[in-house]
Amino acid sequence: MLDIELFRENTANLIRADHDKRGISHDKIDRVISLDNEWKNALQKMELARRERNEAARNISEAKKSGDAERADKIMLEVKNIGTAISELDNQANNLLEQRDAIRMTIPNILHDAVPVGADEGGNTVHSLHGSKQEYDFDVRTHNELIEMNNWVELERAAKIAGSRFFFLKGDLARLELALQQHTIDLLTGKGFTFVQPPAMMNRAAYEGVTDLADFEMVMYGVEPDKLYMIATSEHPLTAMFMDEVIEPSLLPIKMVGISQCFRREVGAHGLSDRGIWRVHQFTKIEQIILSHPDDSWQHHEELLQNCIELWDSLEIHYEVVNICTGDMGTVAARKYDLEAWLPGAGSYKEVVSCSNCTDYQANRLRMRYRTSEGNESVHTLNSTAVATSRALVAIMEQNQLADGRVEIPKVLQPFMGGQTTLEPCQW
RNA sequence: GCGGAGAUCGCAUAGUCUGGUAUUGCGCCGGCCUUGAAAGCCGGUGGUGUAAGCCACGGGAGUUCGAAUCUCUCUCUCCGCGCCA
């Protein structure tokens with residue numbers, strides 16, 4: 001959510017310029033500005049009424065103290081009905097405020113200047129290329145074929161007990177998943193990130209602070225009757241962790257590496273490319289989070305990307321870094337890089353990492369500030385996938401496959417697998 | 001799950017019984033002093049508004065001219081009991 005101050009005076013031009021870049025109309029901006037003015041007027045009226053009541057209350061108090069019961073009774077009679085008048089004015093003002101903020105919540109963040117302009121994902125630009133396409137002297141298999149021939153994943157039995165798009169992970173591939181976690185956490189804690197394991201469920205108030213509300217209904221699993229939501233990523237609890245707090249500036253930047261199971265309904269997601277374990281309802285993801293001073297957030301955004309590059313280079317995976325364009329950005333991020341890994345079986349680059357600077361957009365909603373000598377300012381929030389293990393496994397399987405269907409284990413993960421160099425088939 | 005006690009500004013605390021508009025300390029910021037720092041002293045330090053003012057005592061509702069204070073309700077924390085990986 002954008003700071004309301006931006007809508008006032010000539011700073012609203014910044015929002016207008018951003019909407020022009022995104023190719024959307026200014027209607028919502030104008031609506032917020034006019035509702036803000038109406039609200040301020042309504043608030044003024046209500047405050048005057050309250051002032052009157054406060055004065056009366058003070059006078060009654062004084063009259064009683066001086067023993068003038070008659071005068072106290074007289075004033076009490078005069079202001080008998082002021083309470084109902086105030087609550088009516090209060091309702092009017094609150095109504096306007098709610099309308100204003102309901103619209104404000106849907107207005108997207110202001111994009112960084114470097115974001116390329118484009119209508120959709122076709123407008124994304126390549127930032128950098130890492131590694132190169134490997135040559136295979138046999139017909140490459142898709143990850144679906146590899147997991148099936150090696151008995152590494154059970155989709156049908158998972159569907160039987162839970163539903164489609166759930167999976168059992170078995171044998172060496174499950175061990176590799178754990179190795180990926182350990183390697184990633186070691187690398188990031190070595191860079192000063194604090195390892196944090198968050199709650200896997202969150203309440204609605206916290207959720208409204210971190211996510212786009214239109215996405216929310218499509219993505220989240222609700223847990224009844226407790227009115228909780230299964231987290232879609234550890235980004236959400238880690239970012240919301242300091243909700244409603246004023247953070248000591250000496251604590252900034254707060255760097256965290258979180259791990260969690262991620263739960264997504266994936267409503268409407270279908271298609272051949274989504275078979276196997278590429279797009280599933282539940283997966284493990286390791287996430288980098290930084291809560292930063294506003295002045296440092298762009299530097300930290302690059303730092304998060306560099307960490308991803310170091311991690312994925314260490315796995316010897318071929319991928320490209322993509323600069324996400326205006327039309328593909330979404331509401332929360334001001335700038336976003338994706339890492340797209342080459343999948344030889346699928347014959348395309350596909351998203352494995354998303355690295356965003358959300359500036360003060362989430363922090364404004366979460367009321368998450370730091371202390372300055374002039375008052376409290378919103379912090380900036382940044383998040384980046386380190387590794388979503390299911391997708392990383394797909395990339396490793398497809399890129400490192402051998403003619404017989406086994407898979408070479410990335411060298412850096414071999415120590416976590418007892419020195420083993422290839423993933424062997426599961427017996428059942 | 002049952003019983004009891006609690007939630008007050010960044011932290012800690014007074015005020016709650018008996019309704020009259022939030023106390024004090026720490027921390028932090030600024031100033032004085034100092035070669036510099038510490039200490040000491042002075043001032044400032046919840047939100048909003050240009051301001052008068054209005055709002056704010058965990059959230060919501062109620063009683064009242066007036067609620068931190070009384071009533072109801074929800075959430076969370078602590079203590080004891082029960083159950084439990």
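Numbered from 1 within each chain, the chains take letters A, B, ... in sequence-line order.
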Are A:Asn307 and A:Cys355 side-chain neighbours, meaning at least one heavy-atom pair lies under 4.5 Å? no
Looking only at heavy atoms, the pair that brings A:Glu408 and A:Leu402 closest together is CG-CD2, 4.0 Å
Could you tell me the separation between the CZ atom of A:Arg51 and the C1' atom of B:G49, rounded to a whole number of Å? 13 Å
Which pair of non-hydrogen atoms, one from A:Glu154 and one from A:Lys170, has the smallest distance, and what is that distance? OE2-NZ, 2.7 Å
Smallest separation among heavy atoms of A:Lys285 and A:Cys262, with atom names: CB-SG, 3.5 Å
Around atom CE of A:Met218, are there more than 12 heavy atoms from other residues, nucleotides or ligands closer than 6.0 Å? no
Nearest-angstrom distance, P atom, B:G27 to B:A12: 15 Å
Show your reasoning for whether side chain to side chain donor-acceptor pair (under 3.5 Å) applies to A:Glu177 and A:Gln181. CA-CA 6 Å; A:Glu177 201 269 353; A:Gln181 294 183 23; 2.8 Å; yes
Give every pair of a protein N or O atom and an N or O atom of nucleotides 56-61 of chain B that lie under 3.5 Å apart, one pair per line with the distance.
none

Closest nucleotide among B:C65, B:A52, B:G49 to the A:Glu47 side chain: B:A52
Checking the side chain of A:Trp312 only, and the main-chain atoms of A:Ala386 only, is there a donor and an acceptor separated by less than 3.5 Å? yes
Counting heavy atoms not belonging to A:Arg22, are there more than 12 under 6.0 Å from its CZ? yes
Roughly how many Å is it from CG in A:Asp3 to C1' in B:G49, rounded to a whole number? 15 Å
Can you tell me how far P in B:C17 sits from the matching atom in B:G6, rounded to whole Å? 13 Å
RNA chain B: 5'-proximal contact among A:Met46 and A:Arg369 (nearest heavy atom): A:Arg369
Rounded interatomic separation in angstrom, taking NZ from A:Lys40 and C1' from B:C54: 15 Å
For the side chain of A:Thr233 and the backbone of A:Glu235, is there at least one donor-acceptor N/O pair under 3.5 Å apart? yes
Side-chain donor or acceptor of A:Gln288 paired with backbone N/O of A:Met256 under 3.5 Å: no
Distance, rounded to the nearest Å, where A:Leu228 contributes CG and B:U75 contributes P: 11 Å
Calculate the interatomic distance between A:Asn37 atom CG and B:G49 atom C1'; express it in whole Å. 14 Å
Say you pick atom P in B:U23 and the same atom in B:A68; how far apart are they, in whole Å? 13 Å
For the residue pair A:His281 and A:Phe167, is the inter-centroid distance of their aromatic rings smaller than 6.0 Å? no
Verify whether the ring centers belonging to A:Tyr229 and A:Phe216 lie closer than 6.0 Å. yes
Nearest-angstrom distance, C1' atom, B:G58 to B:U75: 8 Å
From CG of A:Asp226 across to P of B:G1 the rounded distance in Å is 10 Å
When rounded to the nearest Å, what value does the distance between P atoms of B:A7 and B:C41 take? 32 Å
Ignoring hydrogens, what is the shortest heavy-atom contact between A:Asp338 and A:Ser354? Give both atom names and the distance. OD1-OG, 3.1 Å
Expected list for residues 53-65 of chain A near RNA chain B, using heavy atoms below 4.0 Å, is A:Arg53, A:Asn54, A:Ala57, A:Ile60, A:Ser61, A:Lys64, A:Lys65
Taking pairs as Watson-Crick (N1-N3 plus N6-O4 or O6-N4) or G-U wobble (N1-O2 and O6-N3), each distance under 3.5 Å, the stems of three or more consecutive pairs with RNA chain B are B:1-7 with B:75-81, B:10-12 with B:24-26, B:27-32 with B:40-45, B:46-48 with B:53-55, B:58-62 with B:70-74
Under the rule for side-chain hydrogen bond (donor to acceptor under 3.5 Å, both in side chains), what residues qualify as partners of A:His380, not counting sequence neighbours? A:Ser297
Determine the Euclidean distance between corresponding C1' atoms of B:G59 and B:U13; express it in Å to zero decimal places. 23 Å
Which is more 5' along RNA chain B, the nucleotide nearest A:Leu43 or the one nearest A:Glu52? Just name the residue. A:Leu43
I'd like to know if A:Glu62 and A:Arg58 make a salt bridge, using a cut-off of under 4.0 Å between side-chain N and carboxylate O. no
Scanning both residues in full, the closest heavy-atom pair of A:Gly192 with A:Lys255 reads O-CB, 4.1 Å
How far, in whole Å, is B:C11 from B:G62 if one measures between their P atoms? 30 Å
When you check the phosphate oxygens OP1 and OP2 of B:G49, does a side-chain N or O of A:Arg8 lie under 4.0 Å from one of them? yes
Has the side chain of A:Thr385 got a donor or acceptor atom that lies under 3.5 Å from a matching backbone atom of A:Val387? no
What are the atom names and distances for every N/O pair under 3.5 Å that joins the protein to nucleotides 13-17 of chain B?
none

Give the minimum heavy-atom separation between A:Ala341 and A:Tyr319, together with the two atoms involved. CA-CB, 3.7 Å
Spacing of the C1' atoms in B:G66 and B:C55 (rounded, Å): 16 Å
Per the under-4.0 Å heavy-atom filter, residues of residues 239-255 of chain A near RNA chain B come out as A:Val246
A:Ile86 CD1 to B:G62 C1', straight-line distance once rounded to whole Å: 16 Å
Rounded interatomic separation in angstrom, taking CG from A:Leu97 and P from B:U48: 13 Å
Need one value for A:Asn203: base, sugar-phosphate or nothing, where a base atom within 4.0 Å counts as base even if backbone is also close, heavy atoms only. nothing
